[in-house]
Amino acid sequence: MVRAWESLQGHTIRGAKRNADLIGIWLALLVAQHQVPVNHPLSRGDLLPWMVLTLSVVAFVRARSFGHGPHPMLTPRVDRFNALLQRAAASVAPWALLYVYDAAYSLDPKPLGFAVAVAVAVVVLVAVGGSHGQTAWNPRRGVPIGWILGACGALMGAVGFVGYLSGRFPDALIISAVARGLAIGLSFLTIGLMAARAQNHRQRLTAGRKDGKPYKQQVFPAFLGTFGPFLTLTAVFLVVRGLTFSQAFVLSLLIVVWAGVVWPKPLPIMVSCVLHEVVPTGGRDPRPKGGQANAFDMPPEGALRFHPLKTKRTLVMHPWLVPVRSSRIAELDDPVRPLWDTPPPLQADHVLGDAAFEPDPATRQDQWDVITVRLKGRSDVGTMKGGDGNTRRMVILRAFPAPGTSSRSRTATYRWENRVPEESVQVLDPTTETATLRDGDILVISSEGVARAFQLEIGAPIYRLLDANAFRPPQLEDYVEV
Amino acid sequence: MVMTEHRYADEFLGRIVSYQLVGPYVFDIKTVVACGRAALAHVGEALRTGNVAELIDQAVTGTDPGLYVCLEHDGDDDYSIAGFWIVQSVDYLALGPAGPPDRVPPFVQDLLDAATEEVWWQSLKVSLAADGSWRPVVLLEWPSYLANRSAAAPPGVPFDDPGAEFHGGSERETWLESVDGAQVAPAQSDIPSGDFEKEYDHYAGVPDARSVIVLARGTLTHDGRLHRGSFFMVPPELFDDGTTSPKPLEEWMDEAREFIAEDMEAVDRDEEQGHKLGRPLQLPGGRVGFHASGWLTKGLGIWPARPDDVAIGYLTDRVVQQKWISQARLAAASSLLVLTTVLSFTAGVRWLSEPTPEEIAPPPAPAAQPSMSVCSAEYQEFVDEFRCQIAHLASAGDNYDVGPVCGDKGATSRWEDDGRDLQAEFCALVARGEEDKWIAGLTPSVNSSFADFAASQACFNVLGHPQPYTLVRSGEARRLGRPSSFIEDPELGIQPLIQLRQELLESCEVYRERTDSMVAGGIFATHVGGPMARSPENDSGAGALRREIASKALVGATADTRTCFHRGMEAGFDAARYEGMCLDTAEVVDPDRMDVKAARSKMWVKLGGEPGVGDRRSVIRRYADARFNTDRNDVKVDDLWQCHLGLESGKGFDVGRPVGSWDIAIPVPEAYDIRGKGARTQLTLDAVTSSESEAGICWSVLRQRLESSYQEVHPLLGDLEPDGWPSAEQQLCGQICASRFNVKLGINHEAWITREEDLAQCVSGTEPRTDSAGRGERIGAGRLDKLRLPWSYRRRDDWTPPMQSQVCAFNLVAQNLMPEIEGGYTVAALEGKEFAGETEKGSRIAGGMDGQAARYVEGLSFGRLSAIKSQEACANVATQCYSSLMLEITGNEDIERYRWREAWTEKVEEVAKMRRSEMLDSNPWCVGIRDYMDAGREPAQLDTTCYVGIMEARKKTIEAIEYLQTEVVASNGGE
């Protein structure tokens with residue numbers, strides 16, 4: 001039960017964090033909904049304009065192709081402006097379908113004109129912004145004009161057909177519900193197809209799978225992206241009778257949720273972190289009066305107490321690339337045959353040992369909030385060489401323990417020590433097997449009376465191995481030999 | 001990848017084994033996973049592509065350092081991956097594990113992770129167990145050049161240094177030294193530790209290529225959702241059977257794949273023995289490996305510290321569910337969550353909003369129709385019509401249905417509104433229905449109160465006589481609206497009209513109380529007491545009576561009621577308007593809170609018109625005229641207003657001459673007179689209130705009001721004896737005399753207000769005889785039997801009115817109300833009737849000439865002494881004389897009680913010194929004993945007999961005064 005609760009809690013919190021952009025969009029639409037005048041086209045009774053608006057906004061943020069994209073060993077071109085144009089094209093495209101729907105619904109050619117205008121705009125945007133994401137290898141030249149036109153015609157025809165049916169049977173609830181749901185589902189499909197490239201498909205087709213089997217294009221994502229919204233929206237329209245614009249936020253929520261499902265955020269393979277060297281800015285006890293130490297039951301005056309909140313960064317910093325250990329196996333999801341052999345990425349031989357963002361044990365989901373360090377017999381903790389003992393003491397200080405962790409006070413060594421939660425202090429000794437690091441934690445390493453402190457800053461995630469290789473490789477002097 | 005092309009042949013057993021090694025592959029200690037994946041990818045592709053033969057041809061003996069993949073021969077050309085084989089290089093000394101805190105053998109987890117990431121269950125051909133799990137074997141081998149220098153050096157071989165010179169004997173000399181001395185005991189306990197020769201001999205049959213190995217076994221499973229993995233180190237004890245011959249490769253490999261983790265945990269070790277090397281196991285290439293219970297560190301020590309510290313290792317669980325299934329699950333969960341939320345919310349709203357079949361209270365009637373104003377957008381239009389209807393109904397009396405009037409359909413003329421005050425008229429219409437049960441019959445079946453009639457008809461007319469509100473009537477009668485449709489109908493009712501009606505009814509309710517109180521005050525003043533002075537000290541008896549009785553009558557009344565009652569009692573009904581009607585001044589200076597509250601009603605103010613305009617009659621009169629403007633007999637008028645109407649008319653009440661208790665006539669005023677025309681004495685008031693005789697409606701009202709608050713004071717001393725002597729009325733008056741002159745003290749003495757008036761009402765000073773001319777006090781039934789004195793003449797037939805003290809003295813003696821002294825108050829101890837006599841025989845009216853007192857007084861006074869020389873005769877006359885003088889003293893409030901005897905003596909002396917004529921005017925009874933009143937005169941000069949009697953009477957009188965002076969006087973003479 002406790003595990004189930006932790007799993008639910010982890011899913012919820014992590015899901016909310018990863019989809020904060022979608023949640024923000026939904027809240028913004030929720031506010032904007034009440035600013036729309038009653039006679040505005042967006043507040044139309046069938047709620048299609050509002051749903052298309054929602055889809056446009058989320059598509060601008062999240063829209064991607066349903067497929068795997070280019071071969072992972074190829075470097076795509078990155079052009080931010082063109083990427084923006086592509087997002088704009090994905091955002092505008094559903095409106096063309098809406099106008100087709102309206103034209104068929106009312107048998108009025110005027111909306112069809114708007115549809116053509118929007119379609120032209122989409123084509124222009126795609127054509128201009130097409131260089132973004134382009135890769136070099138094109139195994140077979142040529143533009144699949146037939147496929148493109150056929151897909152566009154099929155989509156327009158399907159939307160026009162349901163619009164026509166809806167217009168002929170305005171009082172038929174089922175037809176109206178199905179028509180509106182399908183229009184949105186096809187809009188999802190349109191956006192996904194727009195981001196697809198025939199070149200990518202050809203690359204994978206040519207490369208084949210690692211196990212020697214031929215590459216097969218995944219159909220399920222497109223299927224899910226089309227029929228998922230379609231079925232749920234239809235169910236809502238059928239069950240909730242008399243849905244008006246005042247309840248449009250419900251439909252916005254559905255579309256936003258489906259956007260999160262169909263276009264999930266990519267998972268990073270690594271996260272760039274930085275260890276800042278910090279020096280204490282406080283905590284020094286006053287000097288003993290008279291130059292004599294106090295009794296043993298008194299705090300040792302003149303000692304330095306390290307307070308994790310009373311630190312100051314120096315200009316010294318150490319980059320640290322920490323891998324994200326995914327619970328999923330890359331070969332399982334994308335068993336594309338590599339085009340050439342690549343050496344494995346260099347691993348950071350950190351002083352602490354093997355550090356990685358391991359999957360959440362409760363949810364088995366990927367996470368990049370907590371670094372788990374597995375101390376595998378590193379000599380840096382403490383060694384005994386012959387008769388010389390080399391003692392190094394490592395402590396990880398955490399000013400603010402994570403919510404939900406135990407607040408029980410740590411057993412103090414000395415009576416004058418402040419009571420702090422167990423989570424706030426991790427002492428790394430030769431028997432310690434694992435340690436965790438969070439953003440802002442202070443790592444204090446003391447050796448032979450000299451201490452250095454580092455503050456961890458967890459930075460931006462890295463999604464592609466190619467980007468990771470461009471990262472500054474860890475240097476020996478970064479970590480070793482305090 | 002580096003592939004060493006050595007054909008492996010098992011020299012040891014001379015046959016082809018089932019397990020073969022392919023490799024070596026690059027083994028970088030820092031990238032074990034990557035190296036493992038590279039090796040697996042290569043082997044896996046060869047197995048998939050059918051290049052098995054080529055791969056097997058490249059099988060090696062595993063003597064070179066590196067990573068090998070162990071294949072199992074399943075028959076013919078069928079091979080599957082059985083595990084990994086790592087032969088350590090010298091890099092291990094630099095990059096190998098340090099030891100703590102590891103509890104699982106190194107590299108095993110990484111290699112199994114590599115197999116997992118290579119998706120072994122899809123991409124690799126592995127030898128699966130019966131339960132579908134893969135149990136790969138991972139063997140870590142430290143070749144002899146490392147093993148011999150380690151803490152777990154294989155037994156029976158010298159430290160091998162290929163570069164050292166051979167000096168013969170059994171041991172090669174070398175400059176190298178063992179890193180650490182052998183700390184691990186061999187498995188065989190019979191080998192003497194440290195004795196190399198014996199150890200060498202013991203393992204003479206074992207090849208010199210002796211490695212130290214650690215054997216680990218993994219268990220990898222997966223279901224549709226998760227991939228799980230674990231591994232454990234196979235302890236050497238599991239292979240140890242006490243022999244030194246190497247265990248064949250196939251044999252121990254097969255056994256190793258069958259072990260389970262529990263086998264490792266079940267091994268029983270001697271904790272003090274520490275690590276050990278097990279039975280040598282056959283390795284490819286003619287080598288043997290001594291299976292250690294721990295692994296070597298980079299310092300070639302052995303770790304963990306104790307064999308029991310070895311633990312089971314676990315791989316991280318991996319989600320291997322098909323991605324589309326995972327995505328579909330996420331989609332389903334998300335959709336379900338959203339749909340559940342939306343649908344449950346909708347269902348909840350629907351459930352809450354839909355009516356349920358439960359029996360509930362009937363829904364409240366729908367609110368009346370709203371309207372911008374009352375019945376019309378033009379408020380003044382409704383006001384004018386409403387005023388007109390009120391004025392019409394107030395003045396029309398029983399002819400209220402005669403029309404059309406005002407704004408009725410067909411009306412030809414309108415009522416000229418002069419702005420008069422119609423508040424009283426409206427309240428009168430309200431009171432018709434609520435108080436008098438006089439309602440307007442509009443049709444045989446439809447009735448309405450006059451107030452509702454006025455309001456609804458005004459609304460009806462202003463609205464233009466709408467059909468839904470029209471009252472269906474036959475003939476050419478006046479077209480009326482149905483009042484209930486306007487006021488009570490849930491659909492047709494007009495809310496502003498209902499609110500307006502409610503406001504007006506509340507105002508009328510407040511002013512009704514004020515009006516009634518004021519009328520009650522006027523009636524009270526007319527019937528009880530007399531005008532009150534400004535301060536109670538200056539009140540006359542009647543004024544004090546009114547003040548006292550009014551205060552009792554208003555016990556428990558509200559402040560409003562008190563104020564209005566006093567206003568009516570003291571000033572009459574001169575208030576012209578409701579506003580300020582109860583204020584002390586006629587002019588409204590500061591409206592009270594009730595007026596302010598009523599003024600908040602806009603319509604109430606409109607009904608009030610303009611002050612000083614129109615009808616100048618008082619508000620009470622206008623109210624009464626409007627309210628009782630009917631000739632119907634079935635109208636029930638309450639007593640208060642019946643009294644008011646009677647007094648207002650000035651015609652009085654047809655009740656004859658009512659007589660109250662003690663034959664006292666009840667005054668019945670015929671008209672209002674706040675100066676008082678009723679009971680001006682308490683004796684009269686008591687006679688009225690204690691009587692049940694019919695005295696008119698006004699006295700009924702007053703009796704009802706005083707019933708619970710006023711307690712009669714008469715009789716003052718106690719109950720009367722109806723059949724006693726004298727008559728009860730004279731007994732009543734005797735008690736008044738006794739109380740007035742302090743001879744006895746009544747129970748209600750303090751509540752007795754009109755003392756002098758009551759005494760005057762009881763004492764008669766007229767000549768008792770009634771001659772033919774009608775002179776004298778008339779007595780008998782229907783009249784109060786007053787106290788009287790039978791004789792009081794200045795000369796014969798010349799009656800001198802006696803003083804009250806004289807009359808009372810005579811009757812107190814007659815009624816035995818004088819102090820009871822020894823021997824009786826009278827000298828001869830006469831009965832009262834004997835002393836006083838009766839006016840007529842059997843009349844029971846004290847005071848006749850046949851009494852002993854009066855029989856001789858005339859002769860004694862006017863000189864016929866011969867007839868009265870008896871002692872008793874003189875004593876009785878003297879008793880009357882001295883007693884009357886005594887009462888003059890005791891009745892004088894200015895004389896303190898302790899001086900009564902002294903004052904009486906002085907009074908007697910004063911009277912004695914009077915001239916005869918003066919004495920005849922003031923004290924006729926003393927004239928006869930004038931000569932004897934001087935106590936110092938010699939008896940010899942007088943008639944001794946008479947003198948003795950008079951002195952005796954004097955003595956008794958003095959005793960009585962002394963008694964009153966000293967004793968505590970109580971009612972009935974009690975002490």
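To find a chain, count down the sequence lines: A is the first, B the second, and so on, and within it residues start at 1.
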Most contacts with chain A, counted as non-hydrogen pairs under 4.5 angstrom, among B/Ser123, B/Ala328, B/Ala332: B/Ala328
Test your reading of the model: is there a side-chain donor-acceptor pair from B/Arg318 to the backbone of A/Ser326, 3.5 Å cut-off? yes
Closest non-hydrogen atoms of B/Val119 and A/Glu331, given as atom of the first, atom of the second and distance, are CG2-CB, 3.6 Å
Side chain / backbone / both / neither for B/Thr116 at chain A, heavy atoms under 4.5 Å: both
Per-residue contact mode, B/Leu226 against chain A (heavy atom under 4.5 angstrom): side chain
With rounding to the nearest 0.5 Å, note down the distance linking CD1 in A/Ile329 to NE2 in B/His227. 6.5 Å
Work out which heavy atom in A/Lys210 is nearest to a heavy atom in B/Arg48; give both atom names and the distance. O-NH2, 3.2 Å
Would you say A/Gln247 has more than 12 foreign heavy atoms packed within less than 6.0 Å of its CD? yes
Are side-chain heavy atoms of A/Leu332 and B/Gln122 found at a separation under 4.5 Å? yes
Interatomic distance, A/Arg325 atom CZ to B/Asp113 atom CG [nearest 0.5 angstrom]: 7.5 Å
Between chain B and each of A/Leu243, A/Leu253, A/Val257, count heavy-atom pairs under 4.5 Å; write down the option with the most. A/Val257
Taking A/Leu231, A/Val236, A/Thr232 one by one, which has the highest count of heavy-atom pairs under 4.5 Å against chain B? A/Thr232
Which residues pass the ring-ring contact (aromatic ring centres under 6.0 Å, His included) test with A/Phe220, not counting sequence neighbours? B/Trp324
